Amino acid sequence: MASSFVPKTFKNFIAGEWVSARKGGTLENRNPANTDELVGIFPASTADDVDAAVDAARLAYPKWRLTPAPKRAEILFRAAEILLGRKEDFARDMTREMGKVLAETRGDVQEAIDMTYLMAGEGRRQFGHVAPSELPNKFAMATRVPSGVAGLITPWNFPMAIPSWKAMPALICGNTVVLKPAEDTPLSTYNLTQVLEQAGLPPSVLNVVFGDGPEAGGPLLENSGVDLVSFTGSTATGRIVSEACAPTFKKCHLEMGGKNIIIVMDDANLDLAIEGAVWGGFGTTGQRCTAASRVAVQKGVYRKFVDKFVERAKALKVGDGLDPSTQMGPCINEQQLQTVMSYVEIGKAEGARLATGGHRLEGGAFAHGWFHEPTVFIDCNPSMRICQEEIFGPVVAVMPFDTFDEAIDIANGVQYGLSAAIYTRNVNHAFRAQQDLQTGIVYVNAPTIGAETHLPFGGTKNTGNGHREAGLAALDFYSEWKTIYVDYSDRLQRAQID
Ligand code: ADP
């Protein structure tokens with residue numbers, strides 16, 4: 001599709017100035033639906049740029065820390081208003097750089113808007129607590145204080161939502177920020193940064209360095225001027241991030257992979273379950289950490305489910321996300337497409353039945369993009385690699401089961417613990433599922449995707465390291481508790497002794 005977009009050279013945002021990478025390197029941002037389209041050219045930053053950004057953030061911290069939170073909130077509120085006005089432009093930019101369909105990129109920008117309004121509201125809350133002291137004439141309270149400089153590393157699948165999930169709570173709590181977005185989707189972070197600048201965020205409070213993981217993300221982890229790190233991405237990279245944070249004891253939040261399941265019971269509303277499985281499995285081309293890449297179906301409805309689900313998957317219209325009739329866009333890049341293709345081979349070799357899909361889409365409208373067919377494997381065994389490992393593409397594995405307990409075992413029998421869903425009309429099963437599923441998020445009669453910004457987001461096991469994103473939980477990560485005792489007795493009072 002022809003585009004009126006003129007490729008532009010973008011810069012880092014350091015100390016309130018737009019600057020090129022010091023070593024002059026650049027990275028191309030190309031449209032995954034049509035790699036002939038150059039969306040923009042971005043800096044390939046290195047340690048020099050990152051260190052300058054951290055220095056700026058450190059210098060800005062003392063003043064930002066003491067800026068009253070309600071004043072910080074006014075800036076965020078203005079940013080949310082600007083985002084709202086630019087939503088359509090930003091969604092189009094995002095579809096160009098990331099490939100997901102316009103309805104979804106609008107949702108991504110909306111998530112950034114929601115998070116920004118939410119955190120603006122938190123500027124007038126951030127409540128602490130006052131507790132009675134065990135001693136007379138003594139006052140005791142705990143209050144939130146910022147941590148310092150936050151280093152944020154974000155992935156490409158939610159190019160504006162995830163940067164905002166991290167930057168907005170960091171800022172409202174009084175931290176200054178260095179953000180390193182994913183190399184595949186820098187434009188959406190550029191747009192977000194411009195909005196914050198326009199909203200009046202003081203120079204150096206937010207700094208952005210573009211570039212790849214090891215070159216631009218690595219130095220952020222090593223810089224001793226960074227106090228806390230929040231990372232979303234693969235489990236393999238999360239381990240690198242965690243280890244790099246350890247020597248300097250950086251507070252570290254990891255949001256990693258998933259192998260999320262939809263359980264369909266015999267008594268489910270089957271059409272609803274199928275609808276959910278299609279959206280959960282193929283929304284965002286399966287490139288969500290919460291994607292429903294496994295579906296376990298009770299034997300009584302298994303055949304019926306499989307027939308209809310496969311039919312629906314087959315009928316999905318794949319193409320350029322800017323075309324309103326497209327239902328599923330491309331994979332993000334060649335490497336991701338190769339991963340998908342290799343898992344198709346793995347699934348076949350493991351003896352799973354390929355019911356639809358299984359091929360790269362080539363030629364015609366697909367000739368210059370990273371498109372893959374919506375793919376469904378059926379009659380899978382829970383121990384197969386396609387049922388255990390995160391694929392991050394449009395591949396769903398369907399497994400039959402007999403009993404509710406067996407379904408829970410299948411659900412919990414993976415290394416991840418992000419999201420799980422159950423479709424049932426049996427209230428006992430619904431409640432037992434939310435009790436026994438070992439995931440951070442559980443849905444009843446809804447697919448595994450669809451988090452809302454005011455509730456905690458995150459997972460257990462190899463998905464996370466105990467922190468949560470969004471909602472009030474975000475404040476817990478981006479602030480420290482400070483406990484304050486005021487003794488107005490005019491004498492030495494010894495706790496636990498007097
Ligand atoms: P994905 O496989 O989904 O692309 P990654 O975990 O590789 O996810 O990337 C998520 C984010 O982490 C990106 O911003 C990427 O540049 C960054 N990243 C990748 N490798 C490293 C690394 N060694 N150090 C710091 N950041 C990294």
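Basis for what follows: all heavy atoms, side chains included, without hydrogens, waters or symmetry-related copies. A quick note: this is a predicted structure, and the numbers were derived from the prediction, not measured. Whatever order the structure lists them in is the order used to number ligands and atoms, beginning at 1.
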Peer 1: Do K461 and T463 have a side chain donor and acceptor closer than 3.5 Å?
Peer 2: no

Peer 1: Any donor-acceptor pair under 3.5 Å linking the side-chain atoms of T105 with those of K100?
Peer 2: no

Peer 1: Aromatic ring centroids of W18 and F10 under 6.0 Å?
Peer 2: no

Peer 1: For ligand 1, list all ligand N or O to protein N or O distances below 3.5 Å, rounded to 0.1 Å.
Peer 2:
unit_1: ligand 1; atom_1: 4 (O); unit_2: W156; atom_2: NE1; d: 3.0
unit_1: ligand 1; atom_1: 6 (O); unit_2: S234; atom_2: N; d: 2.9
unit_1: ligand 1; atom_1: 6 (O); unit_2: S234; atom_2: OG; d: 2.9
unit_1: ligand 1; atom_1: 6 (O); unit_2: T237; atom_2: OG1; d: 3.0
unit_1: ligand 1; atom_1: 7 (O); unit_2: T237; atom_2: OG1; d: 3.4
unit_1: ligand 1; atom_1: 14 (O); unit_2: T154; atom_2: O; d: 2.7
unit_1: ligand 1; atom_1: 14 (O); unit_2: K180; atom_2: NZ; d: 3.0
unit_1: ligand 1; atom_1: 16 (O); unit_2: K180; atom_2: NZ; d: 2.6
unit_1: ligand 1; atom_1: 16 (O); unit_2: E183; atom_2: OE1; d: 2.7
unit_1: ligand 1; atom_1: 16 (O); unit_2: G213; atom_2: N; d: 3.2

Peer 1: In this structure, is the centre-to-centre distance between the rings of F309 and W279 below 6.0 Å?
Peer 2: no

Peer 1: E469 and H467: side-chain donor and acceptor closer than 3.5 Å?
Peer 2: no

Peer 1: Between K180 and F210, is NZ or CZ placed under 6.0 angstrom from the six-membered ring centre and within 45° of the ring axis?
Peer 2: no

